[in-house]
Amino acid sequence: MDAQTDEDPEPSLEGGYDPETVESRWQDRWVDEEIYAYESDPKRDPNTVYAIDTPPPTVSGSLHMGHLYGSTLQDFAARFQRMADGDVLFPFGYDDNGIASERLTEKELDIRHQDYERREFQELCREVCTEYEAEFTEKMQNLGTSIDWSNTYKTIEPRVQRISQLSFLDLYEKGREYRKKAPAIWCPECETAISQVEMEDDERHSHFNDIAFDVVGDGADRDEFIISTTRPELIPACVAVFVHPDDEDNQDLVGETARVPIFGHEVPIIADDRVDMEKGSGVVMCCTFGDQNDIEWYQAHDLPLRVAIDESATMTDLAGDYEGLSTEEAREAIVEDLDDDGYLRDRWEITHAVGVHERCDTPVEFRVSKQWYVEILDHKEEYLEAGREMDWYPEKMFTRYKHWIEGLEWDWLISRQRDSGIPFPVWYCAECDHEIMAAKEDLPVDPLSDEPPVDACPECGHDEFSAEEDVFDTWATSSLTPLINAGWDWDADAEAFTMDKPELYPFDLRPQGHDIISFWLFHTVVKCYEHTGEVPFDATMIHGHVLDENREKMSKSKGNIVAPDEVLAEYPVDAVRFWTASAAVGDDFPYQEKDLRAGEKLLRKLWNASKLVDTLAPAEPGEPEEPAELEPIDRWLLAELDDAVDELTAQFEDYEFAKARDRLRTFFWNTFCDDYLEIAKGREDNPSTQYALRTAHRTFLELWAPFLPHVTEEIWQAVYADGDAALDDTSIHTRDWPSPQGYEADLEAGETALEVIGALRRYKSEHQLPLNADLESVSVYGPIEGFEDAIQNVMHVQDLAVLETEPEVTTEVASIDLDYSTLGPKFGSKVGDIDAGIESGEYEIDRDADVLRVAGEELDDELFEVELERTYSGEGDMIETESAVVIVD
RNA sequence: GGGUUGGUGGUCUAGUCUGGUUAUGACACCUCCUUGACAUGGAGGAGGCCGGCAGUUCAAAUCUGCCCCAACCCA
């Protein structure tokens with residue numbers, strides 16, 4: 001304890017603000033003393049708990065600006081809600097269940113996963129990942145977010161495996177899953193089927209090859225035709241040739257038979273409108289399978305399968321002499337042989353888009369295999385409705401979700417042929433292939449090492465079983481985070497699904513980057529909706545990307561990545577957070593150092609203003625006591641503060657952090673520091689001002705707390721907190737969010753008074769006088785009642801006179817302002833004539849009747865306002881403001 | 001190729017849904033000022049035909065259509 005005190009002096013306002021020591025000190029104490037721990041209470045009203053379903057990051061990767069941005073936004077919401085409404089769950093998950101972690105484990109331990117039983121290997125993965133998790137935790141804690149570190153989960157841990165397998169069994173029992181032999185997208189490098197969302201397009205260099213096919217028989221007008229292909233290695237897999245029905249040049253071929261060069265097998269020539277006539281010769285070969293079109297043709301025309309490429313992209317025996325070659329090798333060899341035999345007619349280089357697996361960049365194949373699917377196409381309407389029920393911040397992001405669902409064409413493929421991952425809890429009868437599901441109470445299981453729950457097949461009575469070797473795709477787990485966080489489980493006694501923390505579900509907020517709405521968010525909605533019948537989130541906050549200073553996407557290849565570590569080494573976290581709040585939620589925004597400097601300046605301003613408040617109105621223990629009578633200038637500040645609190649509360653509730661940030665900064669810096677504090681300097685012994693200063697200062701700290709948690713905690717502890725009490729009771733972050741106190745003030749007089757002060761500042765500036773120069777005598781005509789002393793004090797005016805009547809001026813009409821919003825609808829196209837009349841001076845102002853006659857029309861009082869040009873003929877200088885006239889003698 | 005979103009002083013941005021004639025603020029720039037916290041502060045100034053073209057309207061940054069540019073998602 002003492003050692004700690006030596007290192008960390010008591011918080012105080014002495015000297016300048018030193019974020020480096022202050023920030024890490026509070027980060028440590030918040031975590032050590034569990035300030036943000038969520039205590040579950042199943043009886044708690046779900047409406048008073050604010051729960052965030054945070055998507056778990058891959059922890060073996062490095063922390064990037066996206067993590068920093070996303071979790072800081074979540075923290076704004078978490079900190080505000082904790083103050084405003086009490087209990088908040090801000091959990092954290094470690095995603096260590098992916099291919100990345102497996103590869104990492106193999107590399108670190110120099111082992112091959114094939115040499116281990118699946119369970120043993122996963123145990124090793126967990127050990128290796130532990131170090132990376134610790135490092136990631138450390139980095140996350142350096143961001144100063146209010147994550148509850150006692151509520152975390154890892155996607156690789158047995159508890160989560162159990163939930164994933166329960167999810168599989170529940171969907172199976174609900175009839176939402178099926179196993180089917182069908183063409184699927186296949187990665188030959190990873191040797192697994194993958195889903196549509198894991199495939200992306202990539203520009204690759206390749207060759208177009210013009211290859212001659214012989215026509216068999218005499219039905220056509222010729223004895224050969226040309227097809228163009230980028231994949232000659234698929235020739236052995238050719239099962240048909242297609243021609244567009246509208247393609248007149250090639251109609252003679254339809255119905256004929258073609259002979260495939262080199263391999264010699266014969267295939268039919270068929271008409272189909274899916275042929276792209278613009279490309280090549282207009283004659284296309286259909287293989288098993290070159291692309292999705294081939295799959296459609298295979299299904300539509302009931303074509304045979306010719307599998308020439310196996311699961312590792314090696315040529316099969318169907319490829320004859322080329323058997324055993326890789327697809328790349330076979331491509332070159334076949335082209336050479338075609339050339340030798342005279343079938344290669346042309347060859348040229350091209351660049352085209354190729355479908356590749358996003359994890360390894362390997363071009364994908366399409367293979368027929370038996371896979372598990374989640375049926376989604378038949379529930380598109382329900383998922384769309386689920387999306388409609390959520391509040392989207394920003395609203396426009398819903399359209400992305402909508403279009404994604406409307407465009408769905410495949411059910412969700414969930415099995416992966418990988419060696420590790422979460423296993424399917426399924427066995428098959430060796431005799432009749434009947435599916436045997438694990439018992440829910442036994443989960444998690446691994447069919448490769450565990451026995452099925454039955455002795456004999458319930459279908460045929462056979463007693464031998466084969467284990468399902470496949471594992472779940474990673475989204476099968478990642479899509480369950482709301483259920484993991486709420487402690488979803490199967491209660492065997494009650495024969496029902498239960499939740500440990502039912503008060504959390506549905507979650508209040510799901511944060512998500514805008515690039516992954518279509519899979520991560522969508523999959524989570526599908527899973528949770530099917531399990532619980534409820535939409536898992538009340539609201540979703542979709543955030544944008546952090547771009548580099550030139551507004552370009554950060555990427556390794558461009559070398560323009562900015563690492564959070566580097567930023568935090570140079571700038572306080574609070575300053576980084578202030579920059580983070582500068583973009584509207586959903587917008588991409590650039591990383592700019594000048595914005596971080598702006599944050600630093602704000603911290604300094606807050607610190608220095610706090611020091612001044614502390615000298616003007618020394619703090620006393622407890623809440624400040626309101627004097628019987630508040631003077632107008634002080635009541636005015638508190639009334640303005642009430643307005644600010646009102647607006648900020650609404651903005652935080654709507655995740656409008658950028659607006660809240662600007663509103664608060666402007667009010668704090670311009671109104672409080674530049675205007676009120678200057679006035680308060682001349683009124684320090686006044687109990688009314690002391691009360692207003694204290695109240696405003698305390699409120700500012702509370703309002704800033706969600707944005708700037710470190711500096712506000714430091715100041716709060718230095719000035720207001722009882723240092724001996726537990727941090728849980730004294731931390732600013734456990735206080736209540738401010739509420740408007742109902743102060744009423746003459747806002748017009750306050751506004752006018754500030755105008756007068758502004759005018760006098762301008763006067764001094766123009767006359768190159770110091771701002772504290774004395775002004776002998778000033779007269780004001782305008783509503784400033786109650787604010788005379790304030791003006792006099794702050795502007796150093798010796799004699800201030802309030803004029804009853806307008807000073808001696810000669811006036812002439814300078815301009816006439818029209819109220820177009822009423823004038824327009826009333827006079828329509830006459831407005832142009834009215835404008836022209838005023839412009840040319842052909843009008844008459846009738847003071848008695850209070851009307852303006854112009855262009856043959858009579859406008860009454862409310863429709864126009866006459867702006868007068870005043871010329872002062874008396875002593876001294878006259879300055880005009882919006883609602884006052886000031887004369888400096 | 002299709003869809004979505006955006007384009008506002010040098011830079012970043014508010015305002016656009018709900019049209020009203022004078023477009024917000026910050027940074028940078030110029031001038032001035034040491035006010036009992038902060039010169040890392042304060043006061044003032046210059047700088048924009050709101051991506052382009054047409055249209056609707058008395059009135060368009062705002063609504064409609066087309067075009068150009070950028071990002072993202074999907075082929």
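Just so we're on the same page: letters track the sequence lines, and every chain starts at 1. In what follows, every heavy atom counts, from backbone to side chain, and hydrogens, waters and symmetry copies are set aside.
Of the C1' atoms belonging to B/rA43 and B/rA61, the separation is 31 Å, rounded to the nearest Å. Spacing of P atoms, B/rU62 relative to B/rC49, comes out at 16 Å, to the nearest Å. Nucleotides B/rU24 and B/rC50, compared at atom P, are 14 Å apart to the nearest Å. With C1' as the reference atom, B/rC53 and B/rC33 are 50 Å apart, rounded to whole Å. Annotation: B/rA28 and B/rU11 have their C1' atoms spaced 8 Å apart (nearest Å). Remark: the separation of the P atoms in B/rU57 and B/rA14 is 32 Å, to the nearest Å. B/rC68 sits 7 Å from B/rG52 when the C1' atoms are compared, rounded to a whole Å. Of the P atoms belonging to B/rU35 and B/rA39, the separation is 13 Å, rounded to the nearest Å.
Across B/rA43, B/rC72, B/rG3, the shortest atom-to-atom separation from the side chain of A/R761 is found for B/rA43. For A/K681, whose side chain is taken as the heavy atoms from C-beta onward, the closest listed nucleotide among B/rU4, B/rA43, B/rA37 is B/rA37. In the set B/rA43, B/rU13, B/rU11, the nucleotide with an atom closest to the side chain of A/Q592 is B/rU11. The side chain of A/K396 lies closest to B/rG6 when the candidates are B/rG20, B/rA37, B/rG6.
When the side-chain nitrogen and oxygen atoms of A/W669 are compared with OP1 and OP2 of B/rG42, one or more of them lie within a distance under 4.0 Å. For A/N608, no side-chain nitrogen or oxygen approaches OP1 or OP2 of B/rA37 to under 4.0 Å. Remark: A/K605 is in phosphate contact with B/rG42, judged by side-chain N or O atoms under 4.0 Å from OP1 or OP2.
Counting heavy atoms from C-beta on, the side chains of A/R597 and A/Y571 come closer than 4.5 Å.
In summary, the side chains of A/N608 and A/S610 do not present any donor paired with an acceptor at a separation below 3.5 Å, with no hydrogens or angles considered. Side-chain polar atoms of A/D574 and A/H710 form a donor-acceptor pair below 3.5 angstrom.
Residue-environment remark: CD (A/Q299) exceeds the threshold of 12 foreign heavy atoms within 6.0 Å. Around the CD atom of A/E14, the shell of radius 6.0 Å holds no more than 12 heavy atoms that belong to other residues, nucleotides or ligands.
Nucleic acid contact class of A/G16 (heavy atoms, under 4.0 Å, all strands): none. The residue A/D662 sits apart from the nucleic acid: no heavy atom pair falls under 4.0 Å. Counting non-hydrogen atoms under 4.0 angstrom, A/D835 reaches nothing in the nucleic acid. In this structure, A/E678 reaches the bases: a heavy-atom distance under 4.0 Å links it to at least one base atom across the strands shown.
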Below 3.5 Å is the cut-off: list the nitrogen or oxygen pairs between protein and nucleotides 57-61 of chain B, distance only.
from: B/rC58; atom 1: O4'; to: A/G828; atom 2: O; distance (Å): 3.0
from: B/rC58; atom 1: O4'; to: A/S829; atom 2: N; distance (Å): 3.3

Could you list, one pair per line, each protein nitrogen or oxygen that sits under 3.5 Å from a nitrogen or oxygen of nucleotides 27-32 of chain B, together with the distance?
from: B/rC27; atom 1: OP1; to: A/K601; atom 2: NZ; distance (Å): 3.3

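In this structure, the side-chain hydrogen bond (donor to acceptor under 3.5 Å, both in side chains) partners of A/R683, at least two apart in sequence or on a different chain, are A/E631, A/D634, A/T689. Every residue meeting the salt bridge (Lys or Arg N to Asp or Glu O under 4.0 Å) condition with A/E858, not counting sequence neighbours, appears here in chain and number order: A/R853.
Both distances falling under 3.5 Å, in either a Watson-Crick or a G-U wobble arrangement, place B/rC72 opposite B/rG3. Using N1 to N3 plus N6-O4 or O6-N4 for Watson-Crick, or N1-O2 and O6-N3 for G-U wobble, each under 3.5 Å, B/rU16 pairs with nothing. B/rC32: Watson-Crick or G-U partner is B/rG42, with both key distances under 3.5 Å. In this structure, B/rG65 forms a base pair with B/rC53, meeting either the Watson-Crick or the G-U wobble geometry with both donor-acceptor distances under 3.5 Å.
A donor-acceptor pair is defined here as one N or O able to donate and one able to accept, closer than 3.5 Å; such a pair exists between the side chain of A/K764 and the backbone of A/M795. In terms of modelled atom types and a separation under 3.5 Å, the side chain of A/K605 and the main chain of A/W669 share no donor-acceptor contact. A donor-acceptor pair is defined here as one N or O able to donate and one able to accept, closer than 3.5 Å; no such pair exists between the side chain of A/T666 and the backbone of A/R663. Judged by distance alone, the side chain of A/K553 and the main-chain N or O of A/L547 form no donor-acceptor pair under 3.5 Å.
When each of A/L612 and A/T666 is assigned the nucleotide of RNA chain B bearing its nearest heavy atom, the one mapping closer to the 5' terminus is A/T666. Comparing A/R400 and A/R683 by the nucleotide of RNA chain B that holds the closest heavy atom to each, the one mapping nearer the 5' end is A/R683.
A ring-centre distance under 6.0 Å is found for A/Y720 and A/H697. Taking the six-membered ring wherever Trp is involved, the centroid distance between the rings of A/Y393 and A/Y655 falls below 6.0 Å.
Atoms CZ and CD1, on A/F787 and A/I679 in that order, are 8.5 Å from each other to the nearest 0.5 Å.
Salt bridge status for A/R661 with A/E656: absent, with no side-chain N to carboxylate O gap under 4.0 Å.
Taking every heavy atom of residues 579-589 of chain A and every atom of RNA chain B, pairs under 4.0 Å involve A/D588, by number. For the segment residues 544-554 of chain A, residues with any heavy atom less than 4.0 angstrom from an atom of RNA chain B are, sorted by number, A/R551, A/K553.
Ring geometry for A/F700 versus A/F672: interplanar angle of 30 to 60°, hence tilted.
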